[in-house]
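Structure first, commentary second.
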There are 2 protein chains.
Amino acid sequence: MLPMARKQGSHSDITGPKVHQAALRLIAQHGYAAVSMRQIAAEVGVQVGALYNYTSDKQSLLYDLMHSHMRDLLDAVAATDMSGDPVTRLRAFTCFHIRYHLPRSDNVFVSYMELRNLSPDNFTAVEAMRRDYENILEQILRDGEAEGVFSVADTRVSTMALIAMLTGLSHWYREDGRLGMDKIEAIYWDLVRKAVMA
Amino acid sequence: MLPMARKQGSHSDITGPKVHQAALRLIAQHGYAAVSMRQIAAEVGVQVGALYNYTSDKQSLLYDLMHSHMRDLLDAVAATDMSGDPVTRLRAFTCFHIRYHLPRSDNVFVSYMELRNLSPDNFTAVEAMRRDYENILEQILRDGEAEGVFSVADTRVSTMALIAMLTGLSHWYREDGRLGMDKIEAIYWDLVRKAVMA
DNA sequence: TTTTCAAATGAACAGTTGTTCAGTTACATG
DNA sequence: CATGTAACTGAACAACTGTTCATTTGAAAA
C-alpha cells in the first residue's frame, strides 16, 4: 500500500480525537517530556506534521488534556446530587470521586504528574480548577463541623488529606484486581467517615 | 579567569555529592526526562563529560537517587522504636513518616514521580523496597485487628489509603506555611487514629 | 624541583527533538 | 466530469540529546 496524503474515510472529526487519545495514553505511560510528537503521530497512524492541524504546539496539547479533564470533572460533580445533611453529602462526594476517577486512570495520572510541565499561565488555570474541586469537599467538612457532626483538627489540612487518600487509589487500583468498585467504595467510605466523625 | 581542567580544592569527594544533589534538585523540579546532563553539569559548575566520572549513565544516576533514598528510609524506620501496643506503634509510624518525609520533599517527589523512568530491573528493586516499607504499616494494622483495637474493612487497602494520605502531605506542605510540623503531626495522627480505631 | 595522576575540559559523535511548509492527495461540491 | 480545498506527506531546519575520549590541568607525592 502506497502512502497517501489523505486516507479514505479520514476526517478532522476522526483524527482530532485520535490525537488526544494517543497523547493521553502515551503521556500517562511515559510522561510528557519523554513522549515525542513523532511517537504520538505513529500511534495515530499519521506523520508528525499532521498533528499540527490539531494543536498549535506540544504544550497546548498537554494543556488541552488537563484542562478538559478538569472541566469534565467539575461539570460531573456539579451534576451530581449533593443535597442533604453533611454526612450524606460527604458520602456522595466520596462515592462520586471514586466512581468518576477509577475508570479514568490515564486522565488522573496526567493531571497529577504533569502539572510541572505546564507553562506558568496554564498551570495557574489548571491549579485554580483543582482548587475549586477541593473546595467542594472542604465546604462539606465545614458545614459538618458547624453542625457538630464532624470534628477535625484542621479543616483545610483534613481536606487535603482526604483528597490525597482518595486520589491515591487511582495509582494502584487495577480493574482486574482482587476488589470491585463497590467493595473499594465501601472500604474508603468507612475510612473517610470514621476519620472525620465527631 | 581562564578555564581550568582542575579547580582548586575540588576533589572527587566534593564533586560526587554535588552531582547527586544537583540531579536530585533538578529532577524534582522538572522531571527526569526534562533534565539534561548538561543542566546538571551546569548546576554543579562543571562540563558534561565530568559527570561520567561519577555515574555510568543517566539511568544509573536516577536509580542511585531513588535506591539510596529508599535504603535510608528503611534504615531510619528500622532504627526507630516501634515497640508497644498497636496504637502506640501506629502513632510512632505516623510521626516517623511525617518527620522523616517533610524535610526531604525532593527525595519523596523523585521517588514517587519517576518510577516509570526506571529500567525494568531498577524498577523491580525500588518497588520491592517500597513494598517493604508499606508492609511495616500493614503489619501494625493486622496486629491491631487481631487484638480487636483496630477495625478496618480491608487491611491492605487501608494500608495503601493511609500511606497515600501521609505521603500526599509532602506534595503541598511548605516549611514557611501556616502550620509547623508539630501541628501537622497532631492533625494527621488524629485522622489516622480515628480512621482505623474499632 | 620534578614526577605522577586524578579530575576536568572541550570537541566530537550519531541520533532525536519540536516545528514549519511547499507540495501531494482524495474527497466534496459544482 | 472538472474544480476547490481540507487533510496529509515528506523533507528540511536548527537546536539539543546522552555518551565517549584524547588532551590538559594542577595539586600532592617523591
Side-chain angles (χ1 to χ4, degrees), chain A residues 1-24 26-27 29-66 114 116-119 122, chain B residues 1-24 26-27 29-66 114 116-119 122:
Chain A
M1 194 181 85
L2 290 173
M4 290 174 288
R6 186 171 181 178
K7 293 180 187 170
Q8 295 187 2
S10 177
H11 313 294
S12 167
D13 295 343
I14 295 177
T15 307
K18 266 185 160 184
V19 169
H20 285 78
Q21 286 166 27
L24 180 66
L26 287 170
I27 293 175
Q29 187 171 3
H30 305 293
Y32 173 76
V35 172
S36 71
M37 295 298 271
R38 279 167 184 82
Q39 286 177 53
I40 298 173
E43 175 113 343
V44 175
V46 108
Q47 297 299 314
V48 216
L51 296 185
Y52 291 85
N53 290 323
Y54 305 98
T55 185
S56 56
D57 48 32
K58 197 188 178 189
Q59 168 68 209
S60 298
L61 187 54
L62 176 63
Y63 176 67
D64 280 351
L65 293 178
M66 299 180 68
E114 307 298 348
R116 61 182 163 188
N117 288 309
L118 288 175
S119 69
N122 289 344
Chain B
M1 196 182 84
L2 290 174
M4 290 174 289
R6 184 172 183 180
K7 292 181 188 172
Q8 294 187 0
S10 176
H11 313 296
S12 167
D13 295 344
I14 294 178
T15 307
K18 265 185 160 185
V19 169
H20 285 77
Q21 287 166 25
L24 180 66
L26 286 170
I27 293 175
Q29 187 172 1
H30 304 293
Y32 173 75
V35 172
S36 71
M37 294 298 271
R38 280 166 183 82
Q39 287 177 54
I40 298 172
E43 174 113 343
V44 175
V46 107
Q47 297 299 315
V48 216
L51 295 185
Y52 291 86
N53 290 323
Y54 305 98
T55 186
S56 56
D57 49 32
K58 196 189 178 190
Q59 168 69 209
S60 297
L61 187 52
L62 176 64
Y63 176 67
D64 281 351
L65 292 177
M66 299 180 68
E114 307 297 349
R116 62 182 163 189
N117 288 308
L118 288 174
S119 70
N122 289 344

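Protein chains get the first letters and strands the later ones, always in sequence-line order, with residue 1 at the start of each.
Computed from coordinates, the Ile14(B) CD1 to dA6(C) C1' distance equals 14 Å when rounded to whole Å. What separates CG of Asn53(B) from C1' of dC5(C) is a distance of 13 Å, to the nearest Å. Atom NZ in Lys18(A) sits about 13 Å away from atom C1' in dA7(D), given to the nearest Å. Per the geometry, CD belonging to Gln47(A) stands 14 Å off C1' belonging to dA12(D), to the nearest Å. The interatomic distance linking Asp13(A) (CG) with dC8(D) (C1') rounds to 16 Å, in whole Å.
For the pair Asn117(A) and His30(B), the minimum side-chain heavy-atom distance is 4.5 Å or more.
Partners of Gln47(A) under the side-chain hydrogen bond (donor to acceptor under 3.5 Å, both in side chains) rule, at least two apart in sequence or in another chain, do not exist in this structure. Under the side chain to side chain contact (heavy atoms under 4.5 Å, CB included) criterion, Val48(B) pairs with Met37(B), Arg38(B), sequence neighbours left out. Residues passing the side-chain hydrogen bond (donor to acceptor under 3.5 Å, both in side chains) test with Ser60(B), sequence neighbours excluded: Ser56(B), Asp57(B). For Gln29(A), the side chain to side chain contact (heavy atoms under 4.5 Å, CB included) partners are Arg25(A), not counting sequence neighbours. For Asp64(A), the side chain to side chain contact (heavy atoms under 4.5 Å, CB included) partners at least two apart in sequence or on another chain are His20(A).
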Going 5' to 3' through nucleotides 13-19 of chain C and flagging B where a protein heavy-atom sits under 4.0 Å of the base, S where only the sugar-phosphate is that close, and - otherwise, we get ----BBB

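Remark: Thr15(A) is not in phosphate contact with dA7(D), judged by side-chain N or O atoms under 4.0 Å from OP1 or OP2.
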